J.: 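Questions regarding the structure given below will be posed in turn.
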Amino acid sequence: MCGIVGYVGPQDAPPLLIEGLARLEYRGYDSAGLAVLTDRDKLRVVKQAGRVRELVEHLPPGFGGHTGIGHTRWATHGPATDVNAHPHTDATGRVAVVHNGILDNAYELRARLAADGVELVSDTDTEVIAHLVGRSQAATLQEKVAEALGQVHGTWGLAVLHADHPGEIVAARNGSPLILGVGNGEMYVASDLAAIVRHTTTVVLLDDGELASVTERGFSTTGGKAAAEIDVDPAAYETGEHESFMLKEILEQPETAARVLQGRLDDRFGTTHLGGLEMTPHESRAFRRVKVLGCGSAYYVGEMGAGLIEELARIPAHAEPASEFRYRNPIVERDTLYVAVSQSGETLDTLLAVEEIKRKGGRVIGLVNVVGSAIARACDGGIYLHAGPEVAVASTKAVTNMFLGFALLALHLGRVRDLSVADGKRLVKGLEELPEKIAEVLETQDRLAEVADELAKAESLFFIGRVRGYPVAREGAQKFKEISYRHAEAYPASELKHGPLALISPTMPTVVIVPDDDLASRNVGALEEIAARGGPLVVITQPGVDLGGVQVTRIDVPASEVELAPILLTIPLQLLAYQAALALGHDIDKPRNLAKSVTVE
Ligand code: AGP
């Protein structure tokens, strides 16, 4: 949540830093700033509230240097103001720090510094690091930073400049991601590959607790790390011909869905090959319960996944928001399989839940998209989602691959238990057909745009479904509210008559999810209740479903194996949210108040 980029080398740093920040803006976009060391070893800082493009407009003439750091912020301590924007400096103006993370003892340190006569100018926790580095008497910059970090508790990915140590950036990581990029006679520091991928794909992934000193001649880390080449297509970080990352990522789904399934389906035995689980069949059989943990959309897919596991493997499975789990002193059982779900692999609530489980001796696997991310590393094994980089704040292709990851897991757990070969083969075939069916759903884009235009006019909407359809409704409502800023509330269709029906009126549309399953006729009952009260209805359903005579706007996704219907029913909801936000003229990739990776509790 907050993006960091740093450069040291022969080129003028600001244009590279600005380019990097623009690519990192999805991590936070309420303020931005740069610090450079000039050729006369002076530190210059420019920072302000607002987007990176506004910062560019306010760069002072001659703002340049060959060593620099930049930051794009998502406010935690103090509002989004010019003063609270990073970089933060010490009292002498010779030290500059950019930071992603949270310091738990910031108030205590601020009080201590203030008692020592230091004037703190911002509301941030980060500023204390700048003062602590500035006050350190250690010889090298790395030692100064280490000494400062020895006094703080919390999480950080940070980069530090010091006018007394020209041509050097010191970087440190603890809980917030940070990488080094190795160029030709130049070096980069970044919170995320997106910032530097156009310049280098030779990187060093820092570990928690590790510090690095970076100059144009190279780098050294306290962990003795070497650089490695990573296989990534820089085009994944571009919108290309599309007007937004969200649309691009929605449209990529037939291809990305095929990728998570590739090499993992076994037609012959109707099962899956999931070497990354690091689990023997004997161990897989021994679990008596499954607990899924994730946040936001990852949690809603977790609910779909828990349903699938219960259905295919007949093991009690339940999803819970990872953000709540740790705070209720959870009972961690040896015969429960814990599953952490995350696109970024950075979400702090999910990471802390994983750590809590491990501390109590539980076994956790991860369904994670970002390879080598903190959650992936903290888990005992898992299934990588292979959705490719997801840049839009609203998660789409990763959500789809999370569902498919659960389908693979459920099939595996089912086949080591009582799921028959025939059912296994039926589901393998169903999974193989899904990418093509997703492509068919995407063909209904124009029709969905018309429906979305109407929905966007409503201030408030319901999204409802039953059993399989309910987590789909929850994810649909989440996506809709996230980028359209409309009030979208998900409800189990069966619960409507127990209260919320009171809200139904001609100005309150309801989006109803009706899979072609044995609850379809019951769903029709709910439709009738809403129609009778004048509520407009949009029904996302499948060809076999008879909606009777109820007046609705009907959108069909292709027929599928019943267990796999949730993901096909989710895709039109992504497009409805996208088109509604477009109709309302919102910034689709960077919705207000949000950020892509939530690395705070
Ligand atoms: C999804 O559209 C949201 N932006 C958000 O709910 C997200 O799914 C959640 O913050 C979890 O992120 P993760 O998958 O990276 O852990």
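Side chains are part of it too, since the values below use all heavy atoms of this structure and drop only hydrogens, waters and symmetry mates. Remember, predicted model here, so these are calculated numbers, not experimental data. Just follow the structure's listing: the first ligand is 1, and inside any ligand the first atom is 1.
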J.: Specify the protein heavy atom at minimum distance from atom 10 (O) of ligand 1: its residue, its atom name, and the distance to 0.1 Å.
T.: Val598 CG2, 4.0 Å

J.: Can a donor-acceptor pair be found, under 3.5 Å and without considering hydrogens, that links the side chain of Tyr470 to the backbone of Glu303?
T.: no

J.: Identify which of Glu390, Gln478, Glu475 has a heavy atom lying nearest to atom 6 (O) of ligand 1.
T.: Gln478

J.: So if I count the atoms of ligand 1 from 1 in the order they appear, which ones are less than 4.0 Å from some heavy atom of Ser344?
T.: 13 (P), 15 (O), 16 (O)

J.: In terms of side-chain geometry, is the basic nitrogen of Asp208 or Arg173 positioned less than 4.0 Å from the acidic oxygen of its partner?
T.: yes

J.: Please name the residue in the list Asn401, Val301, Ile383 that meets the side chain to side chain contact (heavy atoms under 4.5 Å, CB included) test with Leu367.
T.: Ile383

J.: Out of Glu249, Lys479, Gln253, which residue meets the side chain to side chain donor-acceptor pair (under 3.5 Å) rule with Gln574?
T.: Gln253

J.: Taking only heavy atoms of Ala394 into account, list the atoms of ligand 1 that are under 4.0 Å away from them.
T.: 2 (O)

J.: For atom 9 (C) of ligand 1, what is the closest protein heavy atom, and at what distance to 0.1 Å?
T.: Cys295 O, 3.4 Å

J.: If you round to the nearest 0.5 Å, how far is OH of Tyr485 from CG of Leu584?
T.: 9.5 Å

J.: Give the numbers and elements of all ligand 1 atoms closer than 4.0 Å to a heavy atom of Ser395.
T.: 1 (C), 2 (O)

J.: Check this for me, if you would: do Glu356 and Arg359 make a salt bridge, where the nitrogen-to-carboxylate-oxygen distance has to be below 4.0 angstrom?
T.: yes

J.: Within ligand 1, which atoms have a heavy atom of Ala298 less than 4.0 Å away?
T.: 8 (O), 14 (O)

J.: Does one side chain, of Ser460 or Glu489, offer a donor that lies under 3.5 Å from an acceptor on the other?
T.: no

J.: Using a 4.0 Å cut-off to any heavy atom of Glu482, which atoms of ligand 1 qualify?
T.: 1 (C), 2 (O), 3 (C), 4 (N)

J.: If hydrogens are left out, which of Val301, Asn369, Thr347 has an atom nearest to atom 12 (O) of ligand 1, that is, the closest non-hydrogen atom?
T.: Thr347

J.: Show me which atoms of ligand 1 lie under 4.0 Å from any heavy atom of Gln343.
T.: 13 (P), 14 (O), 15 (O), 16 (O)

J.: Can an N or O of Thr350 be found at a distance shorter than 3.5 Å from an N or O of ligand 1?
T.: no

J.: Output the list of atoms in ligand 1 that are nearer than 4.0 Å to some heavy atom of Lys479, sorted by atom number.
T.: 1 (C), 2 (O)

J.: Looking only at protein heavy atoms, identify the closest one to atom 1 (C) of ligand 1 and say how far it is in Å.
T.: Ser297 OG, 3.2 Å

J.: Does Glu436 CD have over 12 foreign heavy atoms under 6.0 Å away?
T.: no

J.: Taking only heavy atoms of Met402, which atoms of ligand 1 are found under 4.0 Å from at least one of them?
T.: 14 (O)

J.: More than 12 non-hydrogen atoms from neighbouring residues, nucleotides or ligands closer than 6.0 Å to NE2 on His586, yes or no?
T.: yes

